[in-house]
Amino acid sequence: MDLLRFITAGSVDDGKSTLIGRLLFDTKNILADQMEAIERASKSRNDGEIDLALLTDGLRSEREQGITIDVAYKYFQTPNRKFISIDAPGHIQYTRNMVTGASNADLAIILVDARHGVAEQTRRHSLIASMLGIPHVVVAINKMDLVGNSEDAFLEIAQTYKDLANKLNIKDLTIIPVSALNGDNIVERSKHMPWYTGETLLSVLENVNVLEDKNTTDGRFSVQYVIRPQTDELHDYRGYAGRLQSGSLKKGEAVKVLPSGTESKIARIEFGGQEIEEATVFESVTILLEDDIDISRGDMIVSVDNSPVVSQDLEALICWMDDRKTLKPGDKYLLQHGTARTKCSVRSIEYQIDINTYEKLDEVEKLKLNDVARIVLRTAQPVAYDAYQQNRANGAAILIDETSNVTVGACMIE
Amino acid sequence: MSNEVSMSISVKEASDLSDQGNIDRRKPDYLDQLEAEAIYIMREVAGQFERPALLFSGGKDSITLVRLAQKAFAPGKIPFPLVHIDTGHNFVEATDYRDMLAEKTGSKLIVRYVEDTIKAKNLKEPTGKNASRNWLQTFTLLDTIEEFGFDACIGGARRDEEKARAKERIFSFRDEFGQWDPKRQRPELWNLFNGRIHKGENVRVFPISNWTELDVWAYLQREGITLPSIYFAHERECILRDGRLLYNTPVIEKDPEDQIVTRQVRFRTVGDMTCTAAVESSAATLEEVIAEITVSRISERGETRIDDQQTEAAMEDRKKGGYF
């Protein structure tokens with residue numbers, strides 16, 4: 001059985017938490033005591049109805065305000081797959097939280113209220129899904145019961161959405177009419193919308209192919225830690241602990257160490273102390289090289305015939321996440337890419353993207369919280385990167401404020 | 001890249017995978033994926049911090065952490081000590097197991113006692129029915145962090161346990177007072193963990209955040225790990241109180257309404273004796289335990305943790321105060 005991570009984007013008003021509650025409820029993943037707790041909490045708010053949204057809003061202030069502020073994770077499974085549901089807030093002031101949730105997602109569910117159609121936040125959530133390179137997008141047109149389960153209403157919204165999606169980089173799109181409140185087309189096919197012959201939401205979640213989303217071609221291994229037991233029997237042992245960011249590496253393969261460019265061969269690959277022949281994408285292994293060369297945390301081992309770009313100059317889309325300071329040309333930060341950290345300075349802001357209208361804004365002087373822009377960076381040490389849209393793991397980077405130590409920017413290298 | 005729009009997703013044809021290399025030789029198993037992620041996180045701790053520690057309780061989650069740490073750093077030893085904050089009300093089976101495991105893995109074991117903190121700080125110990133020292137562990141934990149200058153503490157908390165934990169980051173920043181601020185968590189993007197802190201601050205790291213209770217049991221079974229015996233069915237004299245079975249030990253203050261009963265029980269979680277309830281069970285092996293949990297309709301903490309039942313935000317409040 002494999003694992004699918006999906007993010008749900010939308011606001012409480014769109015029925016997002018209700019949708020997750022419905023998925024958990026209809027797949028029998030809500031346990032008796034959790035249900036009782038929800039019933040208790042629902043009653044204490046005097047609205048009588050059992051509120052499935054209470055399952056995901058975990059913090060006191062979220063329950064008080066009835067909104068999702070930060071990302072919440074829920075876990076459930078069906079006989080076919082295990083799921084990690086990432087519940088992200090929909091309001092524009094929490095865009096950075098949505099970006100956080102979207103960064104690891106295989107699939108995004110974007111909720112659209114059937115009464116309102118494609119709205120500003122639909123555009124915003126779609127841009128984030130596209131920019132973060134989420135391979136599969138499911139648009140759930142919710143509250144179909146409130147528009148008379150009308151096929152025409154559905155087709156009109158679906159067409160508007162497809163026109164919007166054409167401006168973005170969405171590899172695989174599915175549009176489903178649902179009612180989260182009534183459970184229509186979530187797990188069970190709707191009796192109220194016989195005209196819809198496509199899949200239910202759960203069916204998409206269970207069947208979408210996540211294997212083919214992984215980059216299996218570019219061998220990239222970031223060194224996290226050097227294992228040197230220095231005991232009598234392991235006196236000369238020097239193993240590089242890390243994770244395959246993408247591609248695969250084999251015993252005997254010729255490799256290059258970046259940024260130095262030194263070449264060697266893989267002498268041995270180990271997992272948990274046992275020798276294995278090959279390591280593939282996302283596996284955490286230990287690599288031993290034939291030659292005794294100077295390698296430390298932050299270095300990258302790559303296939304000799306498939307090299308990333310190694311440069312001190314890079315351009316990236318950035319989502320700015322600091323609510324206390326702005327980003328301006330000339331500002332200096334730490335760039336964390338893979339396991340490497342290097343100082344960098346902002347050369348320029350090329351343009352900002354209006355995340356609601358997708359318009360490019362020129363001559364932008366600074367970025368504020370939740371702004372998205374294309375920027376040019378110069379780093380102190382060379383960075384070995386791939387373009388984010390080709391290789392999510394090796395094209396991603398964060399900016400860290402050196403004085404506050406806070407993560408202030410999410411970068412997708414272009 | 002073209003925008004392929006369809007009203008329903010078709011299952012991809014085998015030919016679509018022709019350029020995918022040999023990755024398709026096997027479908028990844030979720031346990032392998034969770035394990036690889038946890039090992040990656042363990043190594044980030046070793047790579048980013050100077051004085052990490054692994055918080056070890058003798059419970060199944062921290063036993064899982066120790067196995068993951070062994071795999072992460074093999075053939076070397078685990079490069080950080082195991083730290084146990086002992087309430088003095090722990091099950092002897094759990095503390096014996098703790099000592100055995102530390103010896104077996106060659107790890108340094110640090111134990112600090114809540115009892116000592118109570119004396120040194122002249123703390124008032126909770127009394128009466130359902131009194132527990134569990135909450136006092138926070139003081140001892142923060143003192144221990146300060147004593148050894150730990151900058152990162154690895155813990156076995158999982159997001160599926162409890163709703164405040166469902167919100168917490170994998171690298172969870174704590175200020176110099178050990179406090180968690182749920183409204184100002186650092187964005188945590190991709191697998192890029194930011195462990196930069198100032199002196200005196202620390203980071204709590206949860207490598208098995210994304211595991212469920214069943215994942216932990218399945219992993220223990222797959223790895224062939226022996227657990228403390230209290231996890232399996234055994235006869236035990238218990239206090240029956242409010243429908244729950246507590247171990248009949250002198251550290252629990254009796255109430256006139258308590259009934260003393262002998263039942264066949266096992267423990268689903270192992271914490272402080274005063275706030276951990278047993279469940280009636282005949283499951284004597286890991287397989288049987290997994291079978292029981294799979295059909296159970298009650299969550300782990302709901303069934304066995306008395307400390308979470310007090311208010312809707314009990315865990316959130318404890319964590320804000322510096323708890324694990």
Side-chain angles (χ1 to χ4, degrees), chain A residues 1-3 31-34 41 58-60 70 72-75 82 84 96 100 103-104 162 165-166 169-175 198-199 204 207-209 211-212 214 216-217 224-225 227 229 234 237 241 243 248 272-273 280-284 297 321 336 339 396 398 400 405-407 410, chain B residues 1 3-9 11-12 16-17 20-24 27-30 33-34 36 39-40 43-44 46-47 70-77 159-160 163-164 166-167 182-183 185-192 194 196-198 209-210 212 296-299 302-303 312-313 316:
Chain A
M1 193 153 55
D2 68 349
L3 195 60
L31 300 176
D33 62 313
Q34 293 170 325
L59 299 174
R60 193 193 288 275
D70 210 334
Y73 299 85
K74 282 277 161 196
Y75 302 81
K82 288 189 75 100
I84 301 180
R96 64 171 169 175
T100 296
S103 67
N104 282 324
K162 282 190 240 170
N166 277 322
N169 177 24
I170 294 173
K171 289 169 196 153
D172 177 26
L173 173 66
T174 311
I175 305 176
E199 287 184 276
V204 175
N207 294 312
V208 73
N209 187 338
L211 268 184
E212 66 172 22
K214 291 183 182 171
T216 53
T217 48
Q224 294 181 270
Y225 185 80
I227 298 174
L234 293 164
Y237 185 98
R243 193 177 189 190
S248 57
T280 58
V281 54
F282 296 154
E283 289 181 345
S284 288
R297 177 177 166 86
M321 301 186 149
Q336 183 172 335
T339 56
I398 55 173
I400 299 170
N405 290 330
V406 171
T407 303
Chain B
M1 211 73 69
N3 295 318
E4 183 199 323
V5 180
S6 65
M7 286 303 194
S8 71
I9 288 175
V11 177
K12 298 291 185 291
D16 291 348
L17 303 171
Q20 295 294 312
N22 52 9
I23 186 71
D24 297 306
K27 210 173 177 184
D29 179 66
Y30 71 94
Q33 289 175 269
L34 292 171
I39 290 174
Y40 172 80
R43 290 165 162 182
E44 278 305 282
Q70 281 182 291
K71 284 192 160 183
F73 303 106
K77 284 185 188 167
R159 285 169 175 159
D160 80 321
K163 55 188 179 295
K167 291 272 167 178
K183 284 188 178 173
Q185 298 197 80
R186 289 181 179 175
E188 193 163 83
L189 298 134
W190 301 288
N191 295 308
L192 298 171
N194 172 6
R196 269 180 69 97
I197 51 170
H198 293 114
S209 284
N210 287 325
T212 64
S296 166
R297 298 302 301 151
I298 301 181
S299 77
E303 186 166 58
E312 207 182 350
E316 181 179 344

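Predicted model, so just to flag it, every value in this text is computed and none were measured. Below, chains carry the letters A, B, ... as their sequence lines are ordered, and counting in each starts from 1. Basis for what follows: all heavy atoms, side chains included, without hydrogens, waters or symmetry-related copies.
- Residue contact with chain B, scored on non-hydrogen atoms closer than 4.5 Å, involves the side chain of A:Ile227 exclusively.
- Interface check for chain B: of the options A:Gly273, A:Ser284, A:Ala410, the most heavy-atom pairs under 4.5 Å are formed by A:Ser284.
- Counting only distance, with no hydrogens or angles, the side chain of B:Asp29 and the backbone of A:Asp2 share no donor-acceptor pair below 3.5 Å.
- Between B:Leu192 and A:Thr407 there is no side-chain heavy-atom pair separated by less than 4.5 Å.
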### Query
Between B:Thr212 and A:Lys82, does a side-chain contact (heavy atoms from CB on, under 4.5 Å) hold up when you go through it step by step?
CA-CA 10 Å; B:Thr212 64; A:Lys82 288 189 75 100; 3.8 Å; yes
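- When heavy atoms are compared at a cutoff of 4.5 Å, B:Arg159 approaches chain A by way of both its backbone and its side chain.
- Ranking B:Lys71, B:Arg186, B:Glu44 against chain A, the residue ahead of the rest is B:Glu44, based on heavy-atom pairs under 4.5 Å.
- Judged by the 6.0 Å and 45° rule, B:Arg43 forms no cation-pi pair with A:Tyr225.
- For A:Tyr73, the parts lying near chain B are the backbone and the side chain together; criterion is any non-hydrogen pair under 4.5 Å.
- Checked by atom type and distance alone, the side chain of A:Ser103 pairs as donor or acceptor with a backbone atom of B:Trp190 at under 3.5 Å.
- Using a 4.5 Å heavy-atom threshold, the side chains of B:Asn191 and A:Arg243 count as touching.
- With contacts defined as side-chain heavy-atom distances shorter than 4.5 Å, the pair A:Gln224/B:Tyr40 qualifies.
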### Message
For A:Met321 and B:Leu189: C-alpha separation, side-chain torsions, deciding distance, then whether side-chain contact (heavy atoms from CB on, under 4.5 Å) applies.
### Response
CA-CA 11 Å; A:Met321 301 186 149; B:Leu189 298 134; 3.9 Å; yes
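- Per-residue counts of heavy-atom pairs under 4.5 Å with chain A were compared for B:Asn194, B:Ile39, B:Leu34; the largest is that of B:Asn194.
- The greatest number of non-hydrogen atom pairs below 4.5 Å with chain A, out of B:Ala72, B:Gly47, B:Gly76, is found for B:Gly47.
- Residues B:Asn210 and A:Tyr75 bring a donor and an acceptor atom of their side chains to less than 3.5 Å of each other.
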